[in-house]
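To start, the structure itself, in structure tokens.
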Amino acid sequence: MKLAKTLTNITLCLLACSVFIGCRPVSKVKRTLALNDIHIQAAIAEDKGDYQTAYDLWTNYVERRPQSVLAEHRLGLVEIELGLYEQAIGHLRIAHDLKPGNIEYINALATALLKAGQKDALMALLLETTDEGPAGSGQLRLARFAQQAGLMDEAHQALLRSIIENNGQSPIPYIEMANFANTIGDSNAEIKNLRYALWFDRSDPVILNRLTNLGMIAGPSLALIPQE
């Protein structure tokens with residue numbers, strides 16, 4: 001009888017353990033599905049422009065799964081749309097810290113800093129991340145945000161550095177420099193950089209049209225070999 005009772009107790013214990021262990025994956029699956037459902041509903045709300053609903057959903061997601069790169073990033077973007085720039089900076093900085101080389105996350109954090117008027121923090125971020133992306137692209141990113149922040153000297157210096165780093169591989173830095181020159185009313189610099197950009201494609205209709213509007217007799221012969 002003792003042996004039978006002992007075996008019965010062991011069997012009950014094993015059954016209890018198997019039930020407990022078996023329930024854990026089910027609970028995990030339910031939780032995962034719930035988070036996925038929040039993700040889907042938040043995305044739908046964003047697409048509809050219902051940022052308040054998206055904000056509530058992503059906030060719930062982050063509360064349940066802190067430091068989820070996806071959720072921190074998306075919540076930060078929604079907060080920008082709602083004008084909650086300080087909150088956005090916090091969430092977007094977490095996303096950036098978790099994946100510092102992600103260009104999308106850098107741009108999002110920079111946008112929040114720009115809108116919050118935090119110019120020093122903005123420039124610090126952009127200077128720290130100039131090596132992220134193709135050659136020269138980090139300097140172009142710095143120039144773009146610096147110009148939006150009204151830091152024209154910093155923007156100009158960044159454009160010069162982007163041209164050097166690009167090393168004549170793309171017309172983009174020259175086009176960006178021409179755009180900058182147009183902004184400050186320097187038509188000579190605009191023409192010169194458009195002519196550098198034309199060297200990459202002598203029949204580029206956009207560049208040729210811009211040169212025509214600047215009083216040049218546009219044609220392939222206007223192309224100049226790019227220089228730093």
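Closest approach of Asn193 and Tyr174 over heavy atoms only: CB-O, 3.3 Å. Across Ala54 and Ala45, no two heavy atoms sit closer than the pair N-CB, 3.8 Å. When all heavy atoms of Gly133 and Ser137 are compared, the closest pair comes out as C-OG, 3.3 Å. Closest non-hydrogen pair, Ala108 versus Ile80, comes out as O-CD1, 3.8 Å. Taking both residues in full, the closest heavy atoms of Asp37 and Gln41 are given as OD2-NE2, 2.6 Å, listed atom of the first, atom of the second, then distance. A pairwise comparison of heavy atoms in Glu79 and His91 identifies OE1-CD2, 3.0 Å as the closest pair.
Listed by chain and residue number, Trp58, Arg74 satisfy the side chain to side chain donor-acceptor pair (under 3.5 Å) test with Glu46 (two or more places apart in sequence, or in another chain). Legend: residues meeting side chain to side chain donor-acceptor pair (under 3.5 Å) with His96, ordered by chain and number and at least two apart, are absent.
No continuous path of hydrophobic side-chain contacts links Phe145 to Leu160 [ILVMFWY only; heavy atoms under 4.5 Å]. Tracing side-chain contacts under 4.5 Å through hydrophobic residues (I, L, V, M, F, W, Y), one reaches Leu126 starting from Leu114; they form part of the same cluster. The cluster map of Ile, Leu, Val, Met, Phe, Trp and Tyr, joined by side-chain heavy atoms under 4.5 Å apart, puts Leu57 and Tyr55 in the same cluster. Taking hydrophobic clusters as Ile, Leu, Val, Met, Phe, Trp and Tyr residues chained together by side-chain heavy-atom distances below 4.5 Å, Ile184 shares a cluster with Leu159. A chain of hydrophobic side-chain contacts below 4.5 Å, direct or via other Ile, Leu, Val, Met, Phe, Trp or Tyr residues, connects Leu208 to Met216.
Between the side chains of Asp131 and Thr129, not a single donor N or O lies within less than 3.5 Å of an accepting N or O. Side-chain N/O atoms of Tyr105 and Glu72 include no donor and acceptor closer than 3.5 Å. A donor atom on one side chain and an acceptor atom on the other are found under 3.5 Å apart for Gln52 and Asp56. Under 3.5 Å, the side chains of Gln147 and Glu176 contain no donor-acceptor pair of N or O atoms.
Counting heavy atoms from C-beta outward, His73 and Asn102 have side chains that stay 4.5 Å or more apart. The shortest side-chain heavy-atom distance between Ile172 and Asn166 does not fall under the 4.5 Å cut-off. Counting heavy atoms from C-beta outward, Ile103 and Ile106 have side chains that approach closer than 4.5 Å. Looking at Pro171 and Trp199, their side chains never come closer than 4.5 Å, going by heavy atoms from C-beta outward. Considering only heavy atoms from C-beta on, Lys192 stays 4.5 Å or farther from Asn188 through its side chain. Counting heavy atoms from C-beta outward, Thr183 and Asn179 have side chains that stay 4.5 Å or more apart.
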Check the pair Leu75, Gln87 against side chain to side chain contact (heavy atoms under 4.5 Å, CB included), reporting the backbone distance first and the verdict last.
CA-CA 9 Å; Leu75 177 54; Gln87 289 180 223; over 6 Å; no

Show the numbers, then the answer: is there a side chain to side chain contact (heavy atoms under 4.5 Å, CB included) between Gln67 and Asp97?
CA-CA 10 Å; Gln67 297 201 330; Asp97 289 346; over 6 Å; no

Arg64 and Ile38: CA distance, side-chain angles, deciding distance, side chain to side chain contact (heavy atoms under 4.5 Å, CB included) verdict
CA-CA 11 Å; Arg64 292 173 58 181; Ile38 290 173; 3.5 Å; yes

Derivation and outcome, side chain to side chain contact (heavy atoms under 4.5 Å, CB included), residues Phe180 and Met152:
CA-CA 9 Å; Phe180 177 81; Met152 305 306 279; 3.7 Å; yes

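Of the inter-residue distances, the one linking Leu194 atom CG with Leu214 atom CG reads 6.5 Å to the nearest 0.5 angstrom. With values rounded to the nearest 0.5 angstrom, Ile207 atom CD1 is found 7.0 Å from Asp201 atom CG. We find the CG-CG distance between Leu125 and Leu92 to be 10.5 Å, quoted to the nearest 0.5 Å. Atom CG in Leu113 sits 4.5 Å away from atom CD1 in Ile89 (nearest 0.5 Å). Taking CD1 of Ile191 as the start and CG of Leu224 as the end, the distance is 11.0 Å to the nearest 0.5 Å. Here the OH-CG distance, from Tyr51 to Leu77, works out to 9.5 Å after rounding to the nearest 0.5 Å.
Few gaps surround CG on Asp47; more than 12 heavy atoms of other groups in view lie less than 6.0 Å from it.
At least one donor-acceptor pair closer than 3.5 Å links the side chain of Arg141 to the backbone N or O of Glu132. The closest donor-acceptor contact from the side chain of Lys115 to the backbone of Gly83 lies at 3.5 Å or more, if one exists at all.
Checked for salt-bridge contact, Arg210 and Glu190 meet the test: a charged N lies under 4.0 Å from a carboxylate O.
Ring geometry for Tyr61 versus His39: interplanar angle over 60°, hence perpendicular rather than tilted (30 to 60°).
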